[in-house]
Amino acid sequence: MKIAIGNDHAGFELKLHLQAFLAELGFEIVNHGSDTRDSVDYPDFVWPVVESVESRTVNFGILICGTGQGVGMTANKIKNIRAAVCWNKDIASLARRHNDANVLCLPAHYLAEREVNSIVLNFFNTRFDGGRHFNRIVKMTSVIK
């Protein structure tokens with residue numbers, strides 16, 4: 001599985017952890033994030049990740065900032081991107097099952113590394129339920145102009 005990761009300065013350390021964790025599991029990582037703790041503007045790192053997801057050159061995207069909110073709001077401006085801020089493994093599963101989320105947004109200031117592993121794996125390993133949720137996805141994407 002191929003994953004694109006983007007992060008700002010607040011997500012730098014969490015990204016390093018995830019890169020090592022996912023590489024150990026055999027995932028291919030495409031790094032679009034900041035590689036320092038120097039202050040940066042997170043939208044600059046969101047766009048390459050969501051472009052990779054939308055073009056299907058990667059399976060999923062992960063975006064990391066302090067709260068996850070800024071990267072999520074930015075990502076969701078792109079049609080066919082369904083970015084979900086997830087702070088536990090149950091939310092991650094539901095974001096996939098009910099919303100067919102394709103970008104996982106993580107709040108670096110509020111998560112420990114041990115929590116992140118299960119959140120990410122649940123996100124990647126959960127399938128979209130389809131059915132009644134499919135019509136909602138169609139409606140969700142049709143409101144973007």
Side-chain angles (χ1 to χ4, degrees), residues 1-111 113 115-130 133-134 136-145:
M1 190 177 294
K2 192 172 184 179
I3 309 300
I5 298 181
N7 61 284
D8 68 359
H9 51 281
F12 169 68
E13 288 161 1
L14 188 56
K15 177 190 70 176
L16 293 179
H17 166 77
L18 280 174
Q19 284 178 312
F21 174 70
L22 293 173
E24 187 176 300
L25 295 175
F27 288 82
E28 182 181 348
I29 307 301
V30 180
N31 177 21
H32 292 295
S34 175
D35 289 321
T36 73
R37 291 180 188 87
D38 297 337
S39 182
V40 295
D41 297 331
Y42 56 79
D44 297 336
F45 302 98
V46 171
W47 299 126
V49 171
V50 297
E51 287 172 355
S52 297
V53 173
E54 189 187 27
S55 68
R56 297 182 185 213
T57 57
V58 299
N59 301 94
F60 292 106
I62 297 176
L63 294 169
I64 313 165
C65 72
T67 64
Q69 298 297 337
V71 292
M73 290 177 192
T74 304
N76 280 321
K77 299 217 179 284
I78 302 299
K79 190 171 183 166
N80 298 320
I81 296 299
R82 292 171 303 283
V85 179
C86 299
W87 56 91
N88 67 43
K89 66 182 184 175
D90 296 330
I91 298 295
S93 293
L94 287 170
R96 289 283 305 130
R97 288 182 55 216
H98 293 182
N99 307 114
D100 197 21
N102 51 17
V103 176
L104 172 62
C105 301
L106 297 170
H109 290 320
Y110 300 94
L111 293 174
E113 289 179 354
E115 298 171 300
V116 170
N117 296 351
S118 63
I119 292 168
V120 169
L121 291 178
N122 271 26
F123 190 85
F124 293 161
N125 292 322
T126 302
R127 292 183 180 261
F128 177 49
D129 283 351
H133 302 289
F134 180 76
R136 296 169 187 165
I137 301 304
V138 171
K139 288 178 182 181
M140 185 189 319
T141 57
S142 68
V143 298
I144 298 173
K145 298 181 184 219

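The structure displayed is predicted, hence computed values, not measured ones.
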Note to self: Before you tell me yes or no, could you show the steps for His9 and Thr36 under side-chain contact (heavy atoms from CB on, under 4.5 Å), namely the whole-Å CA-CA distance, both residues' side-chain angles and the distance that decides it to 0.1 Å?
What the structure shows: CA-CA 6 Å; His9 51 281; Thr36 73; 6.0 Å; no

Checklist line | Worked verdict on Ile64 versus Leu18 for side-chain contact (heavy atoms from CB on, under 4.5 Å) | finding: CA-CA 11 Å; Ile64 313 165; Leu18 280 174; 4.0 Å; yes

Next item on the list: Show the numbers, then the answer: is there a side-chain contact (heavy atoms from CB on, under 4.5 Å) between Ile78 and Glu54?
Entry: CA-CA 8 Å; Ile78 302 299; Glu54 189 187 27; 3.8 Å; yes

Checklist line | Stepwise side-chain contact (heavy atoms from CB on, under 4.5 Å) test for Val120 and Ile3 | finding: CA-CA 11 Å; Val120 169; Ile3 309 300; over 6 Å; no

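Val85 and Pro107 get closest at one heavy-atom pair: CG1-CD, 4.5 Å. Closest of all the heavy-atom pairs between Val49 and Ala4 is CG1-O, 3.9 Å. Taking each heavy atom of Ala92 and Ile119 in turn, the nearest pair found is CB-O, 3.5 Å. Of all the heavy atoms in Gln19 and Ile5, the pair that sits closest is CG-CD1, 4.3 Å. Smallest separation of non-hydrogen atoms from Gly72 and Cys105: CA-SG, 3.5 Å. Looking at every heavy atom in both residues, Ala10 comes nearest to Gly66 through CB-N, 3.6 Å.
Rounded to the nearest 0.5 Å, atoms CG (Asn7) and CZ (Phe12) are 8.0 Å apart. Atom CE of Met73 and atom CD of Gln69 lie 5.0 Å apart (nearest 0.5 Å). Here the CD1-CZ distance, from Ile91 to Phe123, works out to 12.5 Å after rounding to the nearest 0.5 Å. Rounding to the nearest 0.5 Å places NE2 of His109 at 11.0 Å from CG of Leu14. Here the straight-line distance linking atom CG of Leu22 with atom CD1 of Ile29 works out to 4.5 Å at 0.5 Å rounding. Atom NZ of residue Lys89 and atom CG of residue Asn125 lie 12.0 Å apart, to the nearest 0.5 angstrom.
Not one N or O on the side chain of Ser52 forms a donor-acceptor pair closer than 3.5 Å with the backbone of Thr57. Side-chain atoms of Arg96 never come within 3.5 Å of backbone atoms of Arg127 as a donor-acceptor pair (strictly under, hydrogens ignored). Counting only distance, with no hydrogens or angles, the side chain of Asp8 and the backbone of Val40 share no donor-acceptor pair below 3.5 Å.
Residues passing the ring-ring contact (aromatic ring centres under 6.0 Å, His included) test with Phe124, sequence neighbours excluded: Phe27, Phe60. Residues passing the salt bridge (charged side-chain N to carboxylate O under 4.0 Å, His left out) test with Asp129 are Arg97, sequence neighbours excluded.
At a threshold of 4.5 Å between non-hydrogen side-chain atoms, the residues Glu115 and Asn88 do not count as touching. Leu121 has its side chain within reach of Leu25: a pair of non-hydrogen atoms, C-beta onward, lies under 4.5 Å apart. Annotation: side chain of Glu113 is not in contact with side chain of Val116 (no heavy-atom distance under 4.5 Å). Counting heavy atoms from C-beta on, the side chains of Leu106 and Leu63 never come closer than 4.5 Å. Side-chain contact between Asn80 and Asn102 is absent, with no heavy-atom pair separated by less than 4.5 Å. The side-chain heavy atoms of Val30 and His32, taken from C-beta on, include a pair separated by under 4.5 Å. Using a 4.5 Å heavy-atom threshold, the side chains of Asn117 and His17 count as touching. With a 4.5 Å cut-off on side-chain heavy atoms, Thr74 and Tyr42 count as touching.
Side-chain N/O atoms of Asn122 and Ser93 include a donor and acceptor closer than 3.5 Å.
Among pairs with a residue in residues 12-36, those fulfilling salt bridge (charged side-chain N to carboxylate O under 4.0 Å, His left out) read Lys2-Glu28, Glu13-Arg37, Lys15-Asp35, at least two apart in sequence or across chains.
With a 6.0 Å radius and a threshold of 12 heavy atoms from other residues, nucleotides or ligands, Trp87 has its CH2 atom at or below the threshold.
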